[in-house]
> 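Sharing a structure, written as structure tokens. Questions coming.
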Amino acid sequence: SRSTLLGFRNGLERYLNNPPYKKGIHIATDPAFQQSNQMLDAKLKQIKKQGEQNVKHKPAIEREDLRRLKESDVISQTTPQGLLYNVWFHVTLYFCRRGREGQRNLRRSSFLFLQDENKKWYATMAHDESSKTRQGGIDDTATNYEKLGRMYQTDHRNDGFNALRLYCSKLNPDCNAFFQFPKRFWKGPEEPVWFENRCLGANKLGSMMEA
């Protein structure tokens, strides 16, 4: 896409201008890069003609599919595996996590359980999320919609709020990661810990919807 190609150029520029090189160049206007900029311009025009200039997002989940998923026993809170699926789904749905890397960095302390002015319980993120493109700093003024998100408690049997609160109470205290592997030898709901001292990796988190 257009943004990806421009991102490559910007990334090269940052690399050359940061220590140890400190070249102090601006690739877009420096005469030394005239030919490469001409080639980039030609490529951008080409992908526009081909209708490929924009980022291609995954299609949104249809409302009916969301309803069927919410009713499914796959995300039941009665087993460690179902509870994990429930929490992963609702965290992704409500807080728009940027992907597997962001999910891998979550901790138990990443979420708060609060009440609004009407005494209704909801879950929200406890901190801003950094990413490769937004890492904070004095120039970062964009609104963080993850932190503004609220997941309210409902009476649904697969309710995301209740699942998240239960999940946090069943996590393995010896593992810092938020997403942990379900216990292989789980004895039942009465167990105080449902998860192993083993974190889910970025690749596993990236394929959760496929599972």
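Note that these values count all heavy atoms, side chains included, but never hydrogens, waters or copies made by symmetry. For this chain, numbers begin at 1 and follow the sequence in order.
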> If we ignore hydrogens and angles and just use 3.5 Å, is the side chain of K120 paired with the main-chain N or O of Y152 as donor and acceptor?
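Between the backbone of Y152 and the side chain of K120 there is no qualifying donor-acceptor contact (under 3.5 Å).
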
> State the CD1-CD distance between I27 and Q34, to the nearest 0.5 angstrom.
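Rounded to the nearest 0.5 Å, the CD1-CD separation comes to 14.5 Å.
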
> For the CD atom of Q103 and the CG atom of N105, what is their distance to the nearest 0.5 Å?
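Those atoms lie 10.0 Å apart.
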
> Is the shortest heavy-atom distance from the side chain of L44 to the side chain of L6 under 4.5 Å?
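A side-chain contact exists here, since the closest heavy-atom pair is under 4.5 Å.
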
> Can you confirm whether D116 sits close enough to W121 that some side-chain heavy atom of one is under 4.5 Å from a side-chain heavy atom of the other?
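SC-SC contact between D116 and W121 ruled out.
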
> Going hydrophobic residue to hydrophobic residue with side-chain gaps under 4.5 angstrom, can you get from Y122 over to L164?
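Result: no, two separate clusters.
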
> Checking W194 against Q180 for the side chain to side chain donor-acceptor pair (under 3.5 Å) test, could you report, in this order, the C-alpha distance in whole Å, the side-chain angles of both residues, the deciding distance, and whether it holds?
CA-CA 9 Å; W194 288 16; Q180 304 173 3; over 6 Å; no

> Between P173 and V193, is any pair of side-chain heavy atoms under 4.5 Å apart?
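With C-beta onward as the side chain, the pair touches.
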
> Less than 4.5 Å apart, side chain to side chain, heavy atoms only: is that true for L106 and M125?
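SC-SC contact between L106 and M125 confirmed.
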
> Are the side chains of M208 and L84 in touch, meaning some heavy atoms are under 4.5 Å apart?
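Yes, side chains in contact.
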
> So K183 and E191, do their side chains get closer than 4.5 Å, heavy atoms only?
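E191 reaches K183 side chain to side chain.
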
> State the CZ-NZ distance between R165 and K170, to the nearest 0.5 angstrom.
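Answer rounded to 0.5 Å: 13.5 Å.
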
> What distance separates Q46 CD from D41 CG, expressed to the nearest 0.5 Å?
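One finds 12.0 Å between CD of Q46 and CG of D41.
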
> List the residues meeting side chain to side chain contact (heavy atoms under 4.5 Å, CB included) with R63, not counting sequence neighbours, and say none if there are none.
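Once residues adjacent in sequence are excluded, R63 has no partner under the side chain to side chain contact (heavy atoms under 4.5 Å, CB included) criterion.
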
> Salt bridge (charged side-chain N to carboxylate O under 4.0 Å, His left out) with D65: which residues, sequence neighbours excluded?
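If we apply the salt bridge (charged side-chain N to carboxylate O under 4.0 Å, His left out) test to D65, skipping adjacent residues, the hits are R68.
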
> Can you list every salt bridge (Lys or Arg N to Asp or Glu O under 4.0 Å) pair that touches residues 8-32, not counting sequence neighbours?
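Checked against salt bridge (Lys or Arg N to Asp or Glu O under 4.0 Å) - neighbours excluded - no pair reaches residues 8-32.
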
> Is V74 reachable from V91 through a run of hydrophobic residues whose side-chain heavy atoms are each under 4.5 Å from the next?
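Linked, V91 and V74 end up in one cluster.
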
> Indicate if L114 and F111 have the same hydrophobic cluster label, given that clusters are the connected sets of ILVMFWY residues with side-chain heavy-atom separations under 4.5 angstrom.
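No.
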
> Indicate yes or no for a side-chain donor-acceptor contact from R108 to the backbone of C168 under 3.5 Å, with no hydrogens or angles considered.
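At least one qualifying donor-acceptor pair exists.
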
> Using a 4.5 Å cut-off on heavy atoms from C-beta on, say whether the side chain of R104 contacts that of C199.
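Of all side-chain heavy-atom pairs linking R104 with C199, at least one is under 4.5 Å.
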
> Output all residues satisfying side chain to side chain contact (heavy atoms under 4.5 Å, CB included) with F89, sequence neighbours left out; order by chain, then residue number.
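Scan of F89 (side chain to side chain contact (heavy atoms under 4.5 Å, CB included), adjacent residues dropped) gives L66, L69, K70, L93.
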
> At what distance, to the nearest 0.5 angstrom, does CD1 of I75 lie from CG of L83?
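So the gap between those two atoms works out to 10.5 Å.
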
> Using 0.5 Å steps for rounding, measure from the NE2 atom of H90 to the OG1 atom of T92.
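One gets 10.5 Å once the value is rounded to the nearest 0.5 Å.
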
> I would like to know whether F95 and M151 meet side chain to side chain contact (heavy atoms under 4.5 Å, CB included); could you show each step before the answer?
CA-CA 8 Å; F95 303 112; M151 179 166 60; 4.2 Å; yes

> Are the side chains of L5 and I47 in touch, meaning some heavy atoms are under 4.5 Å apart?
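Yes, side chains in contact.
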
> If Ile, Leu, Val, Met, Phe, Trp and Tyr residues are connected whenever their side-chain heavy atoms lie under 4.5 Å apart, and connections chain through other members, are L12 and I25 in the same group?
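Same hydrophobic cluster.
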
> Would you check if the side chain of N86 reaches a backbone N or O of G82 as a donor-acceptor pair within less than 3.5 Å?
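Flag not set: sc N86 to bb G82 has no pair under 3.5 Å.
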
> Does any donor atom in the side chain of Q81 or S76 lie under 3.5 Å from an acceptor atom in the other side chain?
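Checked: Q81/S76 side chains show no N/O donor-acceptor pair below 3.5 Å.
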
> Is the backbone of G149 close enough, under 3.5 Å, to the side chain of T124 for a donor and an acceptor to pair up by distance?
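Yes; at least one donor-acceptor contact below 3.5 Å.
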
> Sequence neighbours excluded, which residues qualify as ring-ring contact (aromatic ring centres under 6.0 Å, His included) partners of F8?
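Per chain and number, F8 pairs via ring-ring contact (aromatic ring centres under 6.0 Å, His included) with no residue.
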
> Please list all pairs passing the ring pair (Phe, Tyr, Trp, His ring centres under 6.0 Å) test where one or both residues lie in residues 157-177, with sequence neighbours left out.
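Output for this query lists F113-F161, Y167-F178, Y167-F195.
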
> Examine the side chains of N158 and Q77 and answer whether a donor and an acceptor come within less than 3.5 Å of each other.
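No.
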
> Would N162 and Q153 satisfy side chain to side chain donor-acceptor pair (under 3.5 Å), going step by step from the backbone distance to the final call?
CA-CA 7 Å; N162 292 328; Q153 184 179 35; 2.7 Å; yes

